[in-house]
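Presented below is the structure to which this report refers.
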Amino acid sequence: MELLKQRIREEGIVLNNRVLKVDGFLNHQIDPQLFKAIGKEIADRYRDAGVQRIVTIEASGIALALMAALELDVPLVFARKKKSILMVDDVYHSVVYSYTKEENYDITISKKFLPAGEKVLIIDDFLASGEAAMGLAKLVKDAGDEVVGMAIAIEKSFQPGRERLENAGFRVESLVRIKEFKDNECIFLED
């Protein structure tokens with residue numbers, strides 16, 4: 001997606017050739033017009049997949065997933081990283097490791113918001129090791145649902161996430177794929 005690449009080139013900051021900081025438009029401050037375009041692009045890629053529900057993880061995935069949910073006219077549910085005292089009913093549970101925060105999270109979704117027998121699209125802002133996506137897929141499968149694909153805004157292709165997800169049988173659609181960080185700059189894979 002050229003628009004997202006352009007914003008990364010203009011405003012993204014690569015730290016220590018390791019982390020891409022995009023908080024000015026993607027995961028702290030949100031550019032609504034960019035997110036609208038991202039939601040449409042994701043929806044266009046999965047429009048024929050029979051998506052009945054979208055699942056993401058809080059917090060950065062929510063706005064992206066919401067825009068795609070609007071385009072596809074389906075409900076959106078997000079996994080919580082901390083169980084609320086209001087979540088007194090049964091939940092699906094998984095553990096994921098955060099690459100940028102360097103810690104494990106217990107993620108949960110209330111069973112009442114993930115009914116069995118649906119086709120589910122998983123959306124997230126970044127793909128690195130595939131931990132978050134695999135954790136979400138576990139929740140979806142535990143619910144008796146089918147993961148029809150995973151839509152990612154930014155993929156770090158030099159990390160093992162895509163291979164891990166594809167080896168597990170998942171369709172992966174990334175809007176931007178980064179080949180490497182070099183001299184604190186993003187080098188993109190060719191489309």
Compare all side-chain heavy atoms of [X] with those of [Y] and state whether any distance is below 4.5 angstrom.
X: V14; Y: C186; value: yes
X: V176; Y: I8; value: yes
X: I152; Y: I122; value: no
X: L64; Y: D124; value: no
X: L4; Y: L34; value: yes
X: L20; Y: I154; value: yes
X: Q159; Y: K156; value: yes
X: I62; Y: I57; value: no

- prompt: What's the verdict on ring-ring contact (aromatic ring centres under 6.0 Å, His included) for F158 and F181, showing C-alpha distance, side-chain angles and the deciding distance?
  reply: CA-CA 9 Å; F158 55 90; F181 295 140; 5.2 Å; yes
Which heavy-atom pair separates [X] from [Y] by the least distance, and what is that distance?
X: A68; Y: A43; result: O-CB, 4.4 Å
X: S157; Y: R177; result: OG-NE, 3.3 Å
X: S60; Y: N27; result: OG-CB, 3.3 Å
X: A63; Y: I30; result: CB-CD1, 3.6 Å
X: V96; Y: A132; result: CG1-CA, 4.0 Å
X: A49; Y: V148; result: O-CG1, 3.8 Å

Step-by-step side-chain contact (heavy atoms from CB on, under 4.5 Å) determination, I42 to E173: CA-CA 8 Å; I42 290 170; E173 292 282 341; over 6 Å; no
- prompt: Which is it for I38 and M1 under the side-chain contact (heavy atoms from CB on, under 4.5 Å) test, yes or no, and what are the steps along the way?
  reply: CA-CA 8 Å; I38 288 171; M1 179 178 193; 3.9 Å; yes
message: Could you tell me if E10 and Q6 have a donor-acceptor pair between their side chains, going purely by distance under 3.5 Å?
response: yes
- prompt: Are side-chain N/O atoms of T108 and R80 paired as donor and acceptor at under 3.5 Å?
  reply: no
Electrostatic pair [X]-[Y], nearest N-O below 4.0 angstrom:
X: R53; Y: E118; answer: yes
X: D145; Y: K119; answer: no
X: D44; Y: K40; answer: yes
X: E155; Y: K179; answer: no
X: E166; Y: R171; answer: no

message: Applying side-chain contact (heavy atoms from CB on, under 4.5 Å) to Y92 and V140, what does each step give before you reach the verdict?
response: CA-CA 8 Å; Y92 297 110; V140 170; over 6 Å; no
Gap between atom [atom2] of [Y] and atom [atom1] of [X] - 0.5 Å precision:
X: E146; Y: L121; atom1: CD; atom2: CG; answer: 11.5 Å
X: I107; Y: K138; atom1: CD1; atom2: NZ; answer: 9.0 Å
X: I109; Y: L136; atom1: CD1; atom2: CG; answer: 6.5 Å
X: M67; Y: I54; atom1: CE; atom2: CD1; answer: 11.5 Å
X: K141; Y: M134; atom1: NZ; atom2: CE; answer: 7.0 Å
X: T56; Y: M150; atom1: OG1; atom2: CE; answer: 11.5 Å

message: For the residue pair K5 and F188, would you count it as a cation-pi contact if the rule is NZ or CZ under 6.0 angstrom from the ring centre and within 45 degrees of the ring axis?
response: yes
Test log, rule side-chain contact (heavy atoms from CB on, under 4.5 Å), inputs Q29 and D23: CA-CA 6 Å; Q29 175 172 274; D23 60 348; over 6 Å; no
message: Determine whether the aromatic ring centres of residues F35 and F25 are separated by less than 6.0 angstrom.
response: no
Are the side chain of [X] and the backbone of [Y] linked by a donor-acceptor contact shorter than 3.5 Å?
X: Y46; Y: E41; result: no
X: D31; Y: Q33; result: yes
X: R45; Y: S174; result: yes
X: E58; Y: K81; result: yes
X: N184; Y: N17; result: yes

- prompt: Do other residues, nucleotides or ligands put more than 12 heavy atoms under 6.0 Å from the CG atom of D73?
  reply: no
- request: Would you check, one step at a time, whether the test salt bridge (charged side-chain N to carboxylate O under 4.0 Å, His left out) holds for E185 with R9?
  value: CA-CA 8 Å; E185 296 289 328; R9 284 185 191 109; over 6 Å; no
